[in-house]
Amino acid sequence: MTEFKRVFLDTAPIIYYLENSSYYMDAMGRFFERCIAAESQKRELR
């Protein structure tokens with residue numbers, strides 16, 4: 001996703017994640033981990 005500057009994300013999966021819904025927990029957890037890792041890597045390059 002590094003070539004994109006904006007990403008649209010439906011809020012429903014985030015809400016389900018925060019409510020510990022087993023259906024979204026794994027996928028959203030991986031998504032958040034990737035976002036955090038990408039942001040950390042971007043900051044290291046500065």
Side-chain angles (χ1 to χ4, degrees):
M1 291 178 41
T2 58
E3 64 274 2
F4 298 103
K5 294 186 180 193
R6 293 182 185 190
V7 175
F8 171 79
L9 180 65
D10 188 353
T11 57
I14 295 171
I15 292 168
Y16 295 141
Y17 176 81
L18 294 173
E19 292 177 344
N20 294 322
S21 169
S22 60
Y23 187 78
Y24 287 102
M25 187 60 76
D26 290 337
M28 291 304 294
R30 286 191 305 272
F31 174 79
F32 289 135
E33 287 173 1
R34 286 181 175 181
C35 289
I36 292 167
E39 184 64 27
S40 295
Q41 185 179 26
K42 192 166 56 171
R43 288 178 186 207
E44 288 175 5
L45 295 174
R46 289 183 190 167

Could you state the interatomic distance from CG (Asn20) to OH (Tyr17), rounded to the nearest 0.5 Å?
8.0 Å

Is there a path of hydrophobic side-chain contacts, each under 4.5 Å between heavy atoms of I, L, V, M, F, W or Y residues, that connects Ile36 with Phe31?
no

Would you say Leu9 and Ile15 are hydrophobically clustered, going by side-chain heavy atoms of ILVMFWY under 4.5 Å?
no

Is there side-chain contact between Phe32 and Ile14, with at least one heavy-atom pair below 4.5 Å?
yes

Please assess Glu39 against Lys42 for the test salt bridge (charged side-chain N to carboxylate O under 4.0 Å, His left out), listing each intermediate value before the final yes or no.
CA-CA 5 Å; Glu39 184 64 27; Lys42 192 166 56 171; 3.4 Å; yes

Counting heavy atoms not belonging to Tyr16, are there more than 12 under 6.0 Å from its OH?
no

